[in-house]
2 protein chains.
Amino acid sequence: MTPPIRILLADDELLIRTALSQMLDLEPDLDVVAEAPTGTLAVPLAIKHAVDVAVLDLQMPGLDGIAVAEELAEQLPDCRCVIVTSHGRPGHLKRALAAGVRGFLPKTTSAATLAAVVRSVHDGGRYVDPELAAEAIAAGDSPLTPRETDVLELAASGAPIDEIADRASLSPGTVRNYLSNAMTKLDAANRHEACAIARRLGWI
Amino acid sequence: MTPPIRILLADDELLIRTALSQMLDLEPDLDVVAEAPTGTLAVPLAIKHAVDVAVLDLQMPGLDGIAVAEELAEQLPDCRCVIVTSHGRPGHLKRALAAGVRGFLPKTTSAATLAAVVRSVHDGGRYVDPELAAEAIAAGDSPLTPRETDVLELAASGAPIDEIADRASLSPGTVRNYLSNAMTKLDAANRHEACAIARRLGWI
DNA sequence: TCGGATTCATGACGTTTGTCATCGCGAGGT
DNA sequence: ACCTCGCGATGACAAACGTCATGAATCCGA
């Protein structure tokens, strides 16, 4: 008889975390040994309990799920990561895969799937929600340069050019050029539409 | 011995729905008799099963939690509604209360609280998360007129004035006036910042 | 080592926004 | 009856924004 799989569960919503934890614990071969309400707390906890699999919510205060996966890849390389998310943006999937994440699935999947993915990932397998995978392939890669992405991110709050320039330590003219480039690449009529598009695709 | 409380659970995320359902079912006096993945399906299901309490996620495709509560208030007046949400915006709380919702809590609360609120609400009590209540009081009422709200909502997608005017069947000049008014009232530097503020407060 | 991409900048130009004054109309309150 | 408020519109003006041409420095891969 193999020992149960040791799991860390990270999600900022206590209600969801407890519910999910109880549900996974119902499986005899799964054992939730640690829970974290933030990404920042998740890393040391995973190490301390030497968990086999980390089930990470994507959007959390502090470190997000992908950042946690990156940290764990370095500090606890034997730990496999599964990302669970409400909003399945193509860009997120790509970043997650690049971070060495082994499983990626939306919260709309069934409980049985989650348990199956945890087991499969623990055995060295991989799993990506087919729908999300298709979207990611269809969306392609971000056409934005790193700096364009930065600037667009700053623009997302709705700040005027001068403030963006200030926060990015750039001249206002440069900011406008970057935004103009981004708008062209994203085929948007103005920078706010560009933000909306980039956000939808997970590029910012 | 009183019969168990009959519950409908509506949430678009299957994983969360099952987890929450299992968790509530663990309580001997609570009985989840129906589950719905959308608001549209929730209403007839609640009626069919004559549920005592409806636990509704706020953000769902189709009818959102508040809309469901409004429907149920008409069609199944004996049913009490509890709203559960990830994003606790002050405006949503107000709308919910106006719709006759008896319980309102964020997903960051504990499982014990949820169960307690379901029981309390079933007995005719009310419960609002204290933090959210404080925020709602601090934020005050929306200063926007209905039409200003409409236009701001259309502006939220990042569309240019002409498109907004088109979709609202207004002249472009009128749209600019409404947006200008909204910006003044919300103390924003441009309409996109105004959208961000209004969204944060749950006014759009 | 050479070309290409990225980063940062400037100036000029036209368009889009934001602001303000002003108007008419209808609904609601005192 | 009067006044206020919300709704819808116009026109004029200034500021912000988007576009384009252009240039220089850096870095990276062929």
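Each chain gets a letter, A, B and so on, in the order its sequence line appears, and its residues count up from 1. Quick note: numbers below take in every heavy atom, side chains included, and nothing from hydrogens, waters or symmetry partners. The shown structure was predicted, so the numbers you read here are calculated from the model rather than taken from an experiment.
- Among all heavy-atom pairs drawn from A/D25 and A/L30, the shortest one is OD1-O, 3.8 Å.
- Atom CG of A/L152 and atom OG1 of A/T145 lie 10.5 Å apart (nearest 0.5 Å).
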When you look at B/T18 and B/S21, which way does the side chain to side chain donor-acceptor pair (under 3.5 Å) test go after all the steps? CA-CA 5 Å; B/T18 22; B/S21 167; over 6 Å; no
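- Atom CG of A/D187 is separated from atom P of D/dG18 by 15 Å (rounded to the nearest Å).
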Do nucleotides 25-30 of chain D as a string where each nucleotide becomes B, S or -: B if the base has a protein heavy atom under 4.0 Å, S if just the sugar-phosphate does, - if no protein is that close. ------
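- The 12-atom threshold is exceeded at CG of B/D123, counting heavy atoms of other residues, nucleotides or ligands nearer than 6.0 Å.
- Residues forming a side chain to side chain contact (heavy atoms under 4.5 Å, CB included) with A/D166 (at least two apart in sequence, or on another chain): none.
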Which is it for A/V82 and A/L105 under the side-chain contact (heavy atoms from CB on, under 4.5 Å) test, yes or no, and what are the steps along the way? CA-CA 8 Å; A/V82 174; A/L105 55 171; 3.6 Å; yes
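- A salt bridge links A/R119 and A/E27; the closest N-O separation between the charged side-chain nitrogens and carboxylate oxygens is under 4.0 Å.
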Only distances under 3.5 Å count here; give the side-chain donor-acceptor pairs of residues 195-204 of chain A to other protein atoms, sequence neighbours excluded, each with its distance to 0.1 Å.
none

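- Listed by chain and number, the residues in a salt bridge (Lys or Arg N to Asp or Glu O under 4.0 Å) with B/D12 amount to none (sequence neighbours excluded).
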Go through the steps to decide whether A/Q59 and A/T85 satisfy the test side chain to side chain donor-acceptor pair (under 3.5 Å), and finish with yes or no. CA-CA 7 Å; A/Q59 38 271 320; A/T85 179; 3.1 Å; yes
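- One finds the CD1 atom of B/I66 at 8.5 Å from the CG atom of B/L93 (value rounded to the nearest 0.5 Å).
- Taking a 4.0 Å limit (strictly below) on heavy-atom distances, residues 157-165 of chain A does not reach DNA chain C anywhere.
- For A/E163, there are no side chain to side chain donor-acceptor pair (under 3.5 Å) partners two or more places apart in sequence or in a different chain.
- Pairs of residues two or more places apart, or lying in two chains, never qualify as ring pair (Phe, Tyr, Trp, His ring centres under 6.0 Å) while including a residue from residues 95-126 of chain A.
- Listed by residue number, the members of residues 144-154 of chain A with any heavy atom below 4.0 angstrom from DNA chain D form an empty set.
- Across every non-hydrogen atom of A/L132 and A/G88, the tightest pair is CD1-O, 4.0 Å.
- There is a side-chain donor-acceptor pair under 3.5 Å between B/E13 and A/S86.
- A/L20 CG to A/K107 NZ: the interatomic distance, rounded to the nearest 0.5 Å, is 7.5 Å.
- Note that the two end axes of the helix from C/dT1-D/dA30 to C/dT30-D/dA1 enclose an angle of 40°, each drawn from 5 base pairs, rounded to 10 degrees.
- Near DNA chain D, meaning a heavy atom under 4.0 Å from it, residues 194-204 of chain B has no residue at all.
- Of the residues in residues 166-185 of chain A, those lying under 4.0 Å from DNA chain D by heavy-atom distance are A/R176, A/N177, A/S180, A/M183.
- Remark: B/H192 engages A/H192 in a ring-ring contact (aromatic ring centres under 6.0 Å, His included) (not counting sequence neighbours).
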